[in-house]
Amino acid sequence: MQDVILKGRQDGYQITLKQDSAISGIMTELTDLFVRLNQEKKVPDNKIINFTIKTENRLLTEKQQQQIYALIEQYPQFQVTTIEASVMTHQAAQNWKQQDNVHLNRAIIRSGQEVDVEGDVLFIGQIHNGGILKATGSIFLLGVCEGVVQAGFPDNEDALIVGDLTDAFQVRISGSVGIIADEERHFDGRSVAYINDLHLLDYSTLDNLKAIRPRLYNKIGEA
């Protein structure tokens with residue numbers, strides 16, 4: 001199995017490190033990859049080549065990240081812009097949980113059931129198809145969702161839904177509704193559903209949280 005996948009982008013390259021691969025195998029493949037790219041590069045020597053590294057659902061330790069930075073520093077023309085995981089750090093989740101009106105919910109919401117929460121909710125349970133989780137504030141999903149998640153009920157357009165919406169049937173924020181099966185996009189643990197400036201339901205990632213909701217970003221810290 002390939003441990004490292006390279007994909008070209010307009011601004012450089014994206015490298016995906018497979019989440020199930022051993023770090024030793026990843027480092028070996030990265031070493032070989034950078035050697036090859038350094039030999040094959042077809043850009044002026046004064047141009048910096050940027051690399052975005054994605055680690056899927058694996059959070060690298062600080063030591064592992066330093067290994068990668070140390071490796072690429074051997075090539076002055078190469079630069080890692082970001083190392084991104086598809087999950088939020090536990091620290092960011094805890095920061096959110098520590099806000100006064102955030103509720104931790106471990107419920108299993110079965111078909112036909114509805115759970116209502118006042119304020120924001122950190123949800124680590126399971127929502128079955130036909131079940132509904134409804135909050136007056138934002139919803140942060142660490143659990144499994146196959147049903148409906150509704151944030152900002154009834155009219156709070158500042159609310160967000162954060163988390164993996166891949167298997168969700170429907171998302172609702174305030175009065176806006178989205179059917180996930182109709183969306184031609186990739187969702188993961190860093191996905192964000194929100195109401196944009198045109199008052200329409202939209203999707204982004206936690207990387208853009210500061211621009212979407214600056215005050216919330218400042219409360220929970222670096223996501």
Side-chain angles (χ1 to χ4, degrees), residues 7-17 48-60 62 65 69 79-103 117 119-123 133 135-142 145 149-166 168 170-180 182-223:
K7 182 179 179 181
R9 296 169 27 148
Q10 276 191 328
D11 58 346
Y13 292 97
Q14 175 181 304
I15 296 175
T16 300
L17 311 181
I48 299 296
I49 302 173
N50 292 315
F51 292 85
T52 297
I53 297 180
K54 295 187 177 292
T55 63
E56 297 188 321
N57 291 327
R58 168 190 278 166
L59 290 170
L60 296 182
E62 184 175 347
Q65 292 188 45
Y69 283 119
Q79 174 179 279
V80 173
T81 55
T82 57
I83 298 178
E84 303 171 357
S86 295
V87 291
M88 179 182 269
T89 65
H90 289 291
Q91 183 59 54
Q94 286 299 321
N95 289 347
W96 190 326
K97 173 65 180 71
Q98 288 169 4
Q99 302 307 311
D100 291 340
N101 63 339
V102 178
H103 305 275
V117 180
D120 299 334
V121 57
L122 178 61
F123 185 79
L133 173 64
T136 61
S138 296
I139 296 174
F140 175 40
L141 291 170
L142 285 183
C145 177
V149 279
Q150 181 169 4
F153 177 83
D155 56 4
N156 176 11
E157 291 195 348
D158 289 331
L160 304 173
I161 299 173
V162 181
D164 193 347
L165 301 170
T166 303
Q170 189 181 92
V171 296
R172 306 171 185 169
I173 299 179
S174 186
S176 298
V177 178
I179 307 297
I180 294 300
D182 294 341
E183 297 294 331
E184 296 181 357
R185 66 179 70 239
H186 171 72
F187 292 101
D188 58 33
R190 295 178 64 85
S191 297
V192 176
Y194 70 104
I195 301 298
N196 64 24
D197 293 339
L198 299 177
H199 303 284
L200 300 174
L201 184 64
D202 204 350
Y203 302 93
S204 186
T205 69
L206 280 171
D207 301 312
N208 298 317
L209 181 60
K210 188 174 184 179
I212 296 170
R213 297 290 186 270
R215 284 190 296 179
L216 177 59
Y217 175 89
N218 291 334
K219 279 187 178 182
I220 70 172
E222 180 66 30

Given Val80 and Ile15, is the side-chain contact (heavy atoms from CB on, under 4.5 Å) satisfied, shown in steps? CA-CA 10 Å; Val80 173; Ile15 296 175; over 6 Å; no
I would like to know whether Leu133 and Val117 meet side-chain contact (heavy atoms from CB on, under 4.5 Å); could you show each step before the answer? CA-CA 8 Å; Leu133 173 64; Val117 180; 4.3 Å; yes
Tyr13 atom OH: more than 12 heavy-atom contacts under 6.0 Å: no
task = Determine, step by step, whether Thr16 and Lys7 satisfy the side-chain contact (heavy atoms from CB on, under 4.5 Å) criterion, reporting the C-alpha distance in whole Å, the side-chain angles of both residues, the deciding distance to 0.1 Å, and the verdict.
result = CA-CA 8 Å; Thr16 300; Lys7 182 179 179 181; over 6 Å; no
When Asp120, Val121, Leu122, Val192 are each screened for side chain to side chain contact (heavy atoms under 4.5 Å, CB included) with Phe140, the one that passes is Leu122
Shortest non-hydrogen pair, Gln65 vs Leu60, comes out as NE2-O, 3.5 Å
On a heavy-atom basis, the closest approach of Ala151 and Gly137 is CB-O, 3.3 Å
side-chain contact (heavy atoms from CB on, under 4.5 Å) for Asn156 and Ser174? Distances and angles first, verdict last. CA-CA 5 Å; Asn156 176 11; Ser174 186; 5.9 Å; no
Note: Glu157 and Arg213 closest approach over all heavy atoms is O-NH2, 3.0 Å
With Leu160 as partner, the option from Ile173, Ile195, Leu209 fulfilling side chain to side chain contact (heavy atoms under 4.5 Å, CB included) is Leu209
Taken to the nearest 0.5 Å, the spacing of Arg172 CZ from Ile179 CD1 works out to 8.0 Å
When rounded to the nearest 0.5 Å, the distance separating CG of Leu201 from CD of Glu183 is 7.5 Å
Here the gap from Gln150 atom CD to Thr136 atom OG1, rounded to the nearest 0.5 Å, amounts to 11.0 Å
Between Ile212 and Tyr194 the two heavy atoms that sit nearest each other are CG2-CD1, 3.6 Å
Test your reading of the model: is there a side-chain donor-acceptor pair from Thr205 to the backbone of Arg190, 3.5 Å cut-off?
no
What one should report as the nearest heavy-atom pair of Ser138 and Ala159 is OG-CA, 3.5 Å
Value for CD1 (Ile180) from OH (Tyr203), rounded to nearest 0.5 Å, stands at 4.0 Å
Heavy-atom nearest pair, Asp188 first then Ser191, reads N-OG, 2.8 Å
The reported gap from CD1 in Ile83 to NZ in Lys54 (rounded to nearest 0.5 angstrom) is 11.5 Å
Check whether Thr81 reaches the backbone of Phe51 with its side chain - one donor and one acceptor, N or O, closer than 3.5 Å.
yes
Atom CG of Asp197: over 12 foreign heavy atoms under 6.0 Å | no
With Ser204 as partner, the option from Asp202, Asp207, Asn208 fulfilling side-chain hydrogen bond (donor to acceptor under 3.5 Å, both in side chains) is Asn208
